2 protein chains.
Amino acid sequence: MNKKRITSKELAKLAGVSSATISRAFSPDSRIGNATRDRILSVAREYGYQPNAIARSLNNQRSRLVALVVNAIGNPCEAEEQQLLVHRLQARQLLPIILCCADHADRLQLMRLASTYQVDHVVVFSDMVSMQDAVDIFHTTKPIIVSFEPLASDSVSSISIDGSAAADEIIAKIVGDGKTRFAYLSGTQSSWIDKLRRKWFADALAKRGLAFEAQAFGDYTYDSGFKEAVMLLHRSKVDAIICGNDVMAIGARDAARRILGKNTPGDIAIVGQDGIAMAAWDCNDLTTLSLDHVAFIDAVVDLIERHDAELDGPHSITMTCSVRWGSTA
Amino acid sequence: MNKKRITSKELAKLAGVSSATISRAFSPDSRIGNATRDRILSVAREYGYQPNAIARSLNNQRSRLVALVVNAIGNPCEAEEQQLLVHRLQARQLLPIILCCADHADRLQLMRLASTYQVDHVVVFSDMVSMQDAVDIFHTTKPIIVSFEPLASDSVSSISIDGSAAADEIIAKIVGDGKTRFAYLSGTQSSWIDKLRRKWFADALAKRGLAFEAQAFGDYTYDSGFKEAVMLLHRSKVDAIICGNDVMAIGARDAARRILGKNTPGDIAIVGQDGIAMAAWDCNDLTTLSLDHVAFIDAVVDLIERHDAELDGPHSITMTCSVRWGSTA
DNA sequence: CCGATTTGTGTAAACGTGTACACAGAGTGA
DNA sequence: TCACTCTGTGTACACGTTTACACAAATCGG
């Protein structure tokens with residue numbers, strides 16, 4: 001138990017070869033005799049030898065580690081995409097290091113720590129870190145930013161998201177149903193993602209001579225959606241609430257239903273954003289501005305692969321959202 | 001942009017000292033003059049130098065990486081605990097590597113890959129990997145297994161969970177309400193965790209001269225909870241369903257309500273397990289056998305710290321569950 | 001059968017740190 | 001002033017790989 005790990009030099013002695021040959025036995029295409037390789041692999045199995053990835057990384061200048069900067073893993077709105085990405089990375093023998101930066105005062109400190117590990121790629125999902133910070137800290141790595149606005153830069157690849165058309169569809173339907181008094185329930189105060197999402201809906205309203213009457217700020221959680229909706233509905237007579245994400249929308253719906261006895265979509269329309277699996281659960285059946293998560297992660301993986309092959313400079317991709325129609329709007 | 005990272009030797013030249021002194025400037029307690037340290041840190045900031053953690057790990061035999069073996073991060077039932085743990089690790093300057101092993105054919109391969117990175121600690125949350133496999137693969141690391149049965153071993157620390165008392169409370173209440181025909185909706189076919197959880201409830205039933213009339217197998221997801229509950233309720237006349245986790249319980253409740261028009265707790269009692277935040281949402285208000293997640297993660301962190309300090313041998317901790325009473329049973 | 005190429009292997013030097021050891025100078029007590 | 005400790009720094013090696021280079025043996029074409 002708990003024995004020291006065997007090293008390539010020791011294994012070399014055991015197999016009667018040099019440590020270089022050990023290394024070659026584990027490199028798929030290198031000049032080595034088949035007999036030697038087989039013998040070495042067999043001895044290696046016997047002694048439980050595996051090349052030390054840390055040493056290899058130091059030598060290769062290539063760690064096969066990927067930093068994932070996210071707000072939270074506990075929030076279903078993010079976790080689904082993260083899960084997809086983690087699977088895809090693992091299939092490519094890349095190991096994800098999760099940097100969970102919400103509630104954590106010194107996110108920058110944390111990112112600096114990760115950059116110290118010579119990660120090969122950085123994927124920034126969080127809107128809590130500015131793109132400039134990411135570029136500064138990972139200046140050696142060319143981060144892939146998942147932003148919501150197309151950004152031009154020679155050191156960052158980005159995937160931006162356009163939900164304006166889908167927002168317009170949603171507003172059209174709600175206005176068509178006779179609603180006129182809209183509120184926006186933001187995910188967070190300072191986030192540029194939130195500002196952009198709000199703009200999609202604000203523009204769609206403006207096109208019809210309307211505007212948001214009220215606004216509130218939460219923190220992307222159910223509880224904040226519930227609490228802010230209660231306060232919102234008490235202080236103004238809105239009949240439609242657009243929420244920053246699906247979880248908050250569920251909170252807002254519960255608040256409207258439980259505390260004020262209002263039903264969707266009759267009394268009040270409620271709209272989420274993200275299109276997570278939970279939105280489609282029978283008890284929720286949320287109308288939501290949704291993103292194709294698989295296509296989205298496909299795009300991220302594609303960028304990582306280009307980046308890996310050093311094929312070309314940074315790319316900028318835009319994806320459009322669609323609507324999931326439920327019974328809440 | 002994308003400049004090469006500066007090395008300690010180069011910085012040494014720039015600061016007019018030897019590379020050893022650079023290293024000392026970054027080690028909190030080492031013999032170095034204050035003036036020298038300040039000068040070095042200032043020059044380091046200027047050139048963006050940070051010690052290479054990979055090289056340091058190789059030298060130290062200590063990577064500060066922690067492997068987290070989990071089933072899924074997308075499933076809220078696990079994500080909450082994972083999130084807590086990730087925060088606690090980060091606060092200790094430990095970086096988590098997530099190994100997501102559900103849906104992934106070769107989990108062992110994945111674990112072997114991670115072990116190659118000389119992780120300092122391993123936390124196994126997943127019931128999909130056998131403890132023996134974990135010990136074999138991470139024989140150099142002493143994994144911390146989060147099991148549900150107390151296990152004796154000199155190479156593994158473990159935290160086990162006992163929900164028998166809480167299960168008894170729940171069954172007492174349901175039986176007291178006049179229900180007699182119970183079904184168990186398993187999370188997964190082969191999991192020993194699932195078997196143990198089921199046993200808690202089976203024992204509580206047996207004490208009252210009852211037994212499970214029916215059983216079904218899902219995969220811990222909402223959809224499987226929904227589908228299996230529909231089939232279960234069609235083929236037998238059960239009036240209480242104990243589910244493998246909270247998400248499945250929500251699915252089962254939706255199925256009962258939507259497809260068969262049955263309400264909880266009147267027509268049918270539904271019980272979850274885990275006690276995730278979502279169980280307390282107004283729209284769910286689930287009765288569930290719940291674990292104190294904070295205390296649980298405290299225990300994990302405590303084990304990691306003992307393990308880090310090499311204080312003593314492996315430990316075995318047992319935690320007891322409590323009941324969250326909702327309106328579904 | 002000989003020169004040219006290919007194949008298989010060993011030697012040695014990197015990769016970027018941390019640290020044991022040596023050592024010079026400063027301080028200290030008698 | 002001297003023997004001694006303490007402080008600050010440099011030198012050199014170890015950590016476990018990969019790989020450029022060298023070289024012997026094997027293969028090959030004519």
Side-chain angles (χ1 to χ4, degrees), chain A residues 3-41 43-44 47-65 93 113 115-120 140-141, chain B residues 3-41 43-44 47-65 93 113 115-120 140-141:
Chain A
K3 279 188 312 193
K4 278 289 282 178
R5 197 173 285 270
I6 196 177
T7 128
S8 94
K9 213 163 286 181
E10 305 177 74
L11 189 72
K13 204 150 289 173
L14 290 167
V17 295
S18 80
S19 74
T21 305
I22 300 290
S23 168
R24 284 189 266 257
F26 283 89
S27 302
D29 30 43
S30 62
R31 298 202 320 208
I32 185 178
N34 279 332
T36 324
R37 159 170 285 148
D38 291 346
R39 182 162 47 87
I40 290 180
L41 289 184
V43 181
Y47 287 90
Y49 170 81
Q50 289 211 232
N52 181 326
I54 295 290
R56 171 187 288 165
S57 300
L58 178 60
N59 184 292
N60 279 350
Q61 315 273 65
R62 199 134 177 299
S63 65
R64 304 197 70 83
L65 295 173
Q93 310 271 76
L113 176 60
S115 84
T116 280
Y117 279 78
Q118 321 294 83
V119 292
D120 287 347
T140 190
T141 313
Chain B
K3 280 188 309 191
K4 279 291 280 181
R5 198 173 285 271
I6 195 178
T7 128
S8 96
K9 212 162 287 181
E10 305 177 76
L11 190 72
K13 204 149 288 173
L14 290 167
V17 294
S18 81
S19 75
T21 305
I22 300 291
S23 170
R24 283 190 266 258
F26 283 89
S27 302
D29 29 43
S30 61
R31 298 204 317 212
I32 185 177
N34 280 332
T36 324
R37 162 170 282 149
D38 291 347
R39 183 162 46 88
I40 289 180
L41 290 183
V43 181
Y47 288 91
Y49 170 80
Q50 289 213 229
N52 181 327
I54 295 291
R56 170 188 290 164
S57 301
L58 178 59
N59 184 294
N60 279 352
Q61 315 274 64
R62 201 137 174 297
S63 66
R64 305 197 71 81
L65 295 172
Q93 311 272 75
L113 176 60
S115 85
T116 281
Y117 279 79
Q118 321 295 85
V119 292
D120 287 345
T140 190
T141 314

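Throughout, protein chains are lettered first and strands after them, A, B, ... in sequence-line order, and every chain is numbered starting at 1. FYI, side chains are in, hydrogens and waters are out, and symmetry mates aren't considered; it's all heavy atoms of this structure. This one's a predicted model, so the numbers in the text were calculated from it and none came from an experiment.
Whole-Å rounding puts the A/Q61 CD to D/dT17 P distance at 17 Å. Counting to the nearest Å, the C1' atom of C/dG16 and the CD atom of B/E10 are 10 Å from each other. The nearest whole Å value for the distance from the CD atom in A/Q50 to the C1' atom in D/dT17 is 14 Å. Atom pair A/L11:CG and D/dG16:P shows a separation of 13 Å (rounding to whole Å applied). Rounded to whole angstrom, the span from the CG atom of A/N59 across to the P atom of C/dC15 amounts to 9 Å. Here D/dT18 presents its P atom at 13 Å from CD1 of A/I54, a figure rounded to the nearest Å. One interatomic measurement links the two molecules: CG of A/N60 to P of C/dC15, which rounds to 13 Å at whole-angstrom precision. Between B/K13 atom NZ and C/dG16 atom C1' the separation is 14 Å, expressed in whole Å.
Summarising the geometry of B/P28 relative to B/R37, their closest heavy-atom pair is O-NH2, 3.6 Å, with the distance given to 0.1 Å. Closest of all the heavy-atom pairs between A/R24 and A/R31 is CD-O, 3.5 Å. The two residues A/S115 and B/R5 come nearest to each other via the heavy atoms O-NH2, 3.5 Å. Minimum interatomic distance between A/I6 and A/L14 (heavy atoms only, all atoms of both residues): CD1-CD1, 3.8 Å. Nearest heavy-atom pair across B/A25 and B/L41 is O-CD2, 4.1 Å. The two atoms that bring A/D120 and A/R64 nearest to each other are OD2-N, 2.7 Å, heavy atoms only.
Between A/Q118 and C/dC15, a side-chain N or O to OP1/OP2 separation shorter than 4.0 Å is absent. Close to C/dG16, at under 4.0 Å from its OP1 or OP2, lies no side-chain N or O of A/Y117. One finds a side-chain N or O of A/T7 lying less than 4.0 angstrom from the OP1 or OP2 phosphate oxygen of D/dT17. Residue B/S8 places at least one side-chain N or O closer than 4.0 Å to OP1 or OP2 of C/dT17.
Between the two ends of the helix from C/dC1-D/dG30 to C/dA30-D/dT1, each summarised by a five-pair axis, the helix axis turns through 30° (rounded to 10 degrees).
Rounding to the nearest 0.5 Å gives a distance of 8.5 Å between CD of B/Q118 and CG of B/L58. Interatomic distance, A/S57 OG to A/Y117 OH, rounded to the nearest 0.5 Å: 12.0 Å.
Where B/L58 and B/R39 meet DNA chain D, the nucleotide closest to each residue was compared, and B/R39 sits on the side nearer the 5' end.
For A/N52, the listed nucleotide lying nearest its side chain is D/dT17; candidates were D/dC15, C/dT17, D/dT17. With C/dT9, C/dA22, D/dT11 as the choices, the nucleotide that has an atom nearest any side-chain atom of A/T36 turns out to be C/dT9.
A/R31 comes within contact range of at least one nucleobase, with a heavy-atom separation under 4.0 Å. When heavy atoms are screened at a 4.0 angstrom cut-off, A/S18 is found touching base atoms of the nucleic acid.
Within the 4.5 Å cutoff, no side-chain heavy atoms of A/K13 are placed close to those of A/S18. When side chains are defined from C-beta on, B/V17 counts as touching B/I40, because their heavy atoms get closer than 4.5 Å.
Contacts between residues 19-30 of chain B and DNA chain D, defined by a heavy-atom separation below 4.0 Å, involve B/A20, B/T21, B/R24, listed by number.
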